[in-house]
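Since the structure comes first, as structure tokens, the remarks are kept for the end.
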Amino acid sequence: VGVIINPDVWRRGWPFEGVVLFVNLLIDVRGFRKLYFHMPDSTVERVGGAMDAWLTKEATQPEHMRARDHYQDWHVYSLFDHQWDPSVVDLVTPGH
């Protein structure tokens, strides 16, 4: 799953609504068994504990990608179908 969020909208809810709806489409509607999420240290630091409830850390790629004047670790997380709760859709899209 690849998502790029402009820093200007980072703290707004609607970008994450799109992610939740897409994950739900893949798992609940299309029957995917497992999704992978790759993200740099900077994203893991911003999202923090919110991911821990849903995602399983699978691997870390040390100093994998250049970020301006240094290299960042990249992390691989997974989400199995049995970890996904489709009721999350109701939380991000009330009254849909």
Side-chain angles (χ1 to χ4, degrees):
V1 175
V3 177
I4 297 172
I5 299 174
N6 185 312
D8 295 338
V9 297
W10 180 254
R11 295 273 182 205
R12 297 183 186 175
W14 61 265
F16 297 104
E17 176 183 332
V19 173
V20 167
L21 291 172
F22 187 60
V23 166
N24 193 66
L25 172 75
L26 294 176
I27 291 177
D28 202 45
V29 177
R30 302 296 297 175
F32 279 56
R33 186 183 73 84
K34 186 177 186 182
L35 304 177
Y36 288 99
F37 299 81
H38 296 211
M39 53 194 102
D41 275 338
S42 57
T43 299
V44 172
E45 290 168 8
R46 286 186 188 119
V47 179
M51 292 185 318
D52 295 338
W54 298 100
L55 304 178
T56 301
K57 188 170 186 177
E58 298 232 351
T60 296
Q61 299 168 308
E63 298 182 9
H64 186 67
M65 292 290 276
R66 186 177 180 97
R68 296 190 180 131
D69 60 343
H70 66 285
Y71 286 87
Q72 287 193 51
D73 294 351
W74 272 66
H75 307 278
V76 180
Y77 290 85
S78 65
L79 174 65
F80 282 92
D81 56 355
H82 65 271
Q83 293 172 288
W84 179 247
D85 179 0
S87 69
V88 174
V89 171
D90 295 331
L91 296 174
V92 299
T93 58
H96 69 279

- Item | Single-linkage hydrophobic cluster, 4.5 Å side-chain cutoff, Leu91 and Leu21 together | no

- Message: Please enumerate all residues that pass side-chain hydrogen bond (donor to acceptor under 3.5 Å, both in side chains) together with Trp74, with sequence neighbours excluded.
- Response: none

Would you tabulate the side-chain donor-acceptor contacts of residues 75-82 under 3.5 Å, counting partners in other chains and residues two or more places apart, or write 'none'?
residue: His75; atom: ND1; partner: Lys57; partner atom: NZ; Å: 3.2
residue: His75; atom: ND1; partner: Thr60; partner atom: OG1; Å: 3.0
residue: His75; atom: NE2; partner: Asp41; partner atom: OD1; Å: 2.5
residue: Ser78; atom: OG; partner: Glu58; partner atom: OE2; Å: 2.6

- Query: So how far is it from Trp54 CH2 to Leu35 CG, rounded to the nearest 0.5 Å?
  - Reply: 13.0 Å

- Task: Please answer: with hydrophobic residues joined when any side-chain heavy atoms are less than 4.5 Å apart, are Val88 and Val23 in the same cluster?
- Result: yes

- With rounding to the nearest 0.5 Å, note down the distance linking CZ in Phe37 to OG1 in Thr56. 11.0 Å

- In terms of hydrophobic clusters joined by side-chain contacts under 4.5 Å, are Met65 and Val44 together? no

- Is any side-chain heavy atom of Tyr36 less than 4.5 Å from a side-chain heavy atom of Leu55? no

- Measure the spacing between CG of Asp85 and CG of Asn24 and express it to the nearest 0.5 Å. 9.5 Å

- Going from CD1 on Ile27 to CD on Gln83, what distance comes out if it is rounded to the nearest 0.5 angstrom? 8.5 Å

- Specify the closest pair of heavy atoms between Glu63 and Asp73, including all atoms of both residues, with the distance to one decimal. N-OD1, 2.6 Å

- What pair of heavy atoms forms the shortest contact from Gln72 to Ser42, and how long is it? OE1-N, 2.9 Å

